[in-house]
Amino acid sequence: MTRQHRGRRLAATLLPLLLAGGVTAGCTGSDPAEDGDPMTIRLLVREFNLREIGVDCAGSGAYLFVHRTAPYRLVDGDGAELASGELPTGTSIAAFEEDLEVPRVPTFCEFAVPVTVPKRDAYQLVIDDRPPIALTTDRDNPEGGPSLVAVIP
């Protein structure tokens with residue numbers, strides 16, 4: 001499966017979850033001393049910038065704060081920090097399925113951040129001290145392991 005198809009599949013899977021407003025992990029809270037589970041934060045920035053597919057990218061327009069080296073914190077529903085670091089480089093994925101037959105097409109910028117976190121009822125991503133972005137837990141991610149996902153805007 002190509003990266004373009006995976007991106008479309010991710011967007012198609014995540015959008016209904018986010019529209020439903022659910023941010024649950026399906027698990028009960030656990031001991032803060034627990035080592036945690038390896039997961040991937042999958043952040044899709046829906047800014048429709050014109051790019052080639054599969055190139056390095058960062059958020060544009062209102063999302064300039066979402067870029068490589070932007071500081072992030074992963075927090076639980078109570079605001080307790082679970083992980084922190086810097087965002088990696090994003091990768092552009094097609095915003096539409098149809099072939100527009102041009103090299104640069106409307107794209108989204110996708111970021112994948114590996115983390116190890118304890119199980120919580122809710123997770124939020126804070127980028128550069130901006131308001132938290134609610135994450136949805138996808139423990140059955142076909143892309144290769146459990147993920148914490150968000151689509152912005």
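Keep in mind that this is a model prediction, so the values were computed, not measured.
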Worksheet entry | disulfide (SG to SG under 2.5 Å) contacts touching residues 45-97 (sequence neighbours left out) | Cys57-Cys109

Worksheet item: Are any of the side-chain heavy atoms of Leu82 and Pro118 separated by less than 4.5 Å?
Response: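 Side chain of Leu82 against side chain of Pro118, heavy atoms only: contact under 4.5 Å found.
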
Item to complete: Measure from the side-chain N and O atoms of Ser92 to the backbone N and O of Gly54, and report whether any donor-acceptor pair falls under 3.5 Å.
Response: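 Looks like yes, one N/O pair under 3.5 Å.
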
Response to the item:
Contacts satisfying side chain to side chain donor-acceptor pair (under 3.5 Å) that involve residues 47-64 (not counting sequence neighbours) are Glu47-Arg51, Glu47-Ser60, Arg51-Thr107

Exercise: identify the closest heavy-atom pair between [X] and [Y]:
X      : Y      : answer
Val45  : Gly59  : CG1-CA, 4.3 Å
Thr40  : Ala112 : CG2-CB, 4.0 Å
Ala150 : Ala134 : CB-O, 3.7 Å

N/O donor to acceptor pairs below 3.5 angstrom from side-chain atoms of residues 67-78, sequence neighbours left out:
from: Asp76; atom 1: OD1; to: Asp78; atom 2: N; distance (Å): 2.9
from: Asp76; atom 1: OD1; to: Gly79; atom 2: N; distance (Å): 3.1
from: Asp76; atom 1: OD1; to: Ala80; atom 2: N; distance (Å): 2.9
from: Asp76; atom 1: OD2; to: Arg120; atom 2: NE; distance (Å): 3.4

Worksheet entry | side chain to side chain contact (heavy atoms under 4.5 Å, CB included) partners of Pro132, counting only residues at least two apart |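 For Pro132, the residues satisfying side chain to side chain contact (heavy atoms under 4.5 Å, CB included) (neighbours in sequence not counted) are Gln124, Val126.
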
Worksheet entry | side chain to side chain contact (heavy atoms under 4.5 Å, CB included) partners for Leu64, two or more places apart |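 Checked Leu64 against side chain to side chain contact (heavy atoms under 4.5 Å, CB included); zero matches.
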
Worksheet entry | All ring pair (Phe, Tyr, Trp, His ring centres under 6.0 Å) counterparts of Phe48, not counting sequence neighbours |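 With sequence neighbours excluded, Phe48 shows a ring pair (Phe, Tyr, Trp, His ring centres under 6.0 Å) to Phe96, Phe108, given in chain and number order.
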
To the nearest 0.5 Å, what is the distance between [atom1] ([X]) and [atom2] ([Y])?
X      : Y      : atom1 : atom2 : value
Leu135 : Met39  : CG    : CE    : 9.5 Å
Leu148 : Leu43  : CG    : CG    : 11.5 Å
Leu87  : Phe65  : CG    : CZ    : 9.5 Å
Ile127 : Phe111 : CD1   : CZ    : 7.5 Å

Discussion item. Quick check on the hydrophobic clustering: are Leu50 and Leu100 connected, directly or via other members, by side-chain heavy-atom contacts under 4.5 Å?
Written reply: no

